[in-house]
Amino acid sequence: MAKKNPTQMQTDWTYAPAPESTSHIRLEKKYQLFINNEWVEPSSKKYFPSINPATEETLAEIAWANEADVDRAVKSARKAYKEVWSKMSGIERGKYIFRIARMMQERAREFAVIESLDCGKPIRESRDVDVPLACNHFFYYAGWADKLEYAFPHKIPEALGVAGQIIPWNFPLLMAAWKIAPALAAGNTVVLKPAETTSLTALKLAEIIKDSGLPAGVVNIVTGFGDTGAAIVNHHDVDKIAFTGSTHVGKIIQRAVVGTHKKTTLELGGKSANIILDDAPIDQAVEGIINGIFFNQGHVCCAGSRLFVQENVADLVIKKLKSRMESLYVGDPLDKNTDIGAINSKEQLDTINKYIKIGKAEGAEIYQSECSIPSRGYFCKPTIFTGVSQSHVIAQEEIFGPVLTIQTFRTIDEVIQKANNTPYGLAAGVWTDKGSRIFNLTTKLRAGVVWANTYNKFDPVSPFGGYKESGFGREGGLHGLSAYLK
Ligand code: ADP
């Protein structure tokens, strides 16, 4: 059915549906574990469904790896490390990584469609952001593989060995690329576990890895739930744990590796501040707010979920924001017009709805756009809360959905204090006309990344990571490479 553009109600103007075709993608009914370049049955013979969150239909059955399977994967990674990968020259390793990047590019459309089906994100995001960035990470790190001694002058860079990598569901393919590409470039072998709700693009990547001729055992992909992840973390022969996910699980992992030889990087939750000063270009800033929290359903760990607006422009910003919210399309992730797709799982939708209830009970004022949402699948309207105070739960805890809290401030010192008053420190945004104000704020905000007059921009060359309960270690750039080297 054609959807109405709510800002154009008077003329009854509509966009025609523009769904991306699924005819060119191929999904198996059942996916096995990818160990030693072979598809193997899980020893428990257990499988779980991967659900399309927009339709609630099962896309495929996924193998559930247990401790024995993880052990098999780690042994295969160790063997590949000892016998092949650690002996191979950087230039040869680089060739394989370049090949993987090129093969991903060739199949970019297929990856984008499967990502949208499995994860719920709009095809525009997966096609224009996730997949190109994932390819870029492989290209970027491929270039470093034979130049490690130039990347770290006066040092003798040495791989760590076997890297255990556990990733979340918000950027399934991109997170796999963030983890695998630098690990391989630095000369490590890998056991990677995708999130239980979004295994499909990692398994498609396994197909490419096999086709690329990468030596057996260099990359192993084991699917499953938290117990599978825990088996990787606790395996005695893993040298490095790289984790992206919730602060809660990050703390469990941190406790598990204390006192072991394992190196760790943790990229955890966030409650990032997006700050609009009174001299900001307001229309661009409103676009930045929308991009920061609503695109991608707010499923971004660095989402600009706390908005701080200088008091004298607050009314104007909120008015423009509400008007822009009314033009956002919520619906079919495969439709090219869609701005906000499906929430990844029923559990996550329940969490978001729980926080919306808490926000109302705390006395904050709610505004949701008037758009209709599909009756089937997991969807949430873009939501803002005004009249929020610092102590409100919705201003303190990570919601991980399209829900924005709005607070006002008068002075720069006040907003710095408010923005930093959180257990997290992943990212922040600053919108102002003046470079001096940008420098002042960026030096005082306790966040791993601070964007100025933009938001949610990524590049393989730039390191990304957090302070405080948002974790430690950096991914991307040379920092991301050094995390996989002695
Ligand atoms: P989110 O809230 O984003 O789903 P989680 O931290 O729950 O984040 O999950 C991120 C990844 O961590 C997933 O792949 C999940 O299966 C895995 N995981 C969950 N629990 C554990 C655990 N105890 N040990 C290791 N990995 C885990």
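Order of listing sets the numbers, starting from 1, for every ligand and every atom in it.
Here the protein heavy atom with the shortest distance to atom 24 (N) of ligand 1 is Ala230 N, 3.5 Å. Considering only non-hydrogen protein atoms, atom 20 (N) of ligand 1 sits nearest to Gly226 CA, 3.5 Å. The protein heavy atom nearest to atom 17 (C) of ligand 1 is Ile166 CG2, 3.7 Å.
Checked for salt-bridge contact, Arg324 and Glu287 meet the test: a charged N lies under 4.0 Å from a carboxylate O.
Contact atoms of ligand 1 toward Gly229: 24 (N), 25 (C), 26 (N) (distance under 4.0 Å to a heavy atom of the residue). Residue Ser246 approaches ligand 1 through these ligand atoms, each under 4.0 Å from one of its heavy atoms: 2 (O), 5 (P), 6 (O), 7 (O), 8 (O). Of all atoms in ligand 1, numbered sequentially from 1 with element shown, those under 4.0 Å from a heavy atom of Ile167 are 11 (C), 13 (C), 14 (O).
At under 3.5 Å, not a single nitrogen or oxygen of Val249, backbone or side chain, sits near a nitrogen or oxygen of ligand 1. Considering backbone and side-chain N/O atoms, Glu196 comes within less than 3.5 Å of an N/O atom of ligand 1.
In this pair, Phe458 and Trp451 present their aromatic rings perpendicular. The plane angle is above 60°, beyond the 30 to 60° band. Using bins of under 30°, 30° to 60° and over 60° for the plane-to-plane angle, the ring pair Trp144/Tyr140 lands in the perpendicular bin.
Using modelled atom types and a 3.5 Å distance limit, the side chains of Asp69 and Ser43 yield a donor-acceptor pair.
Listed by chain and number, the residues in a ring pair (Phe, Tyr, Trp, His ring centres under 6.0 Å) with Phe225 are Phe48, Trp64 (sequence neighbours excluded).
Protein heavy atoms come within 4.0 Å of atom 5 (P) of ligand 1.
Across Phe243, Trp169, Phe225, heavy-atom proximity to atom 1 (P) of ligand 1 is greatest for Trp169.
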Below 3.5 Å, can you tabulate the donor-acceptor pairs from side chains in residues 164-176 to any protein atom, sequence neighbours excluded?
from, atom 1, to, atom 2, distance (Å)
Gln165, NE2, Lys179, O, 2.8
Gln165, NE2, Tyr484, OH, 3.0
Asn170, ND2, His299, O, 3.2

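Between Pro194 and ligand 1 there is a heavy-atom distance shorter than 4.0 Å.
Under the side-chain hydrogen bond (donor to acceptor under 3.5 Å, both in side chains) test applied with Glu20, the options Arg124, Arg127, Arg109 reduce to a single match, Arg109.
Rounded to the nearest 0.5 angstrom, Ile290 CD1 and Ile340 CD1 are separated by 7.5 Å.
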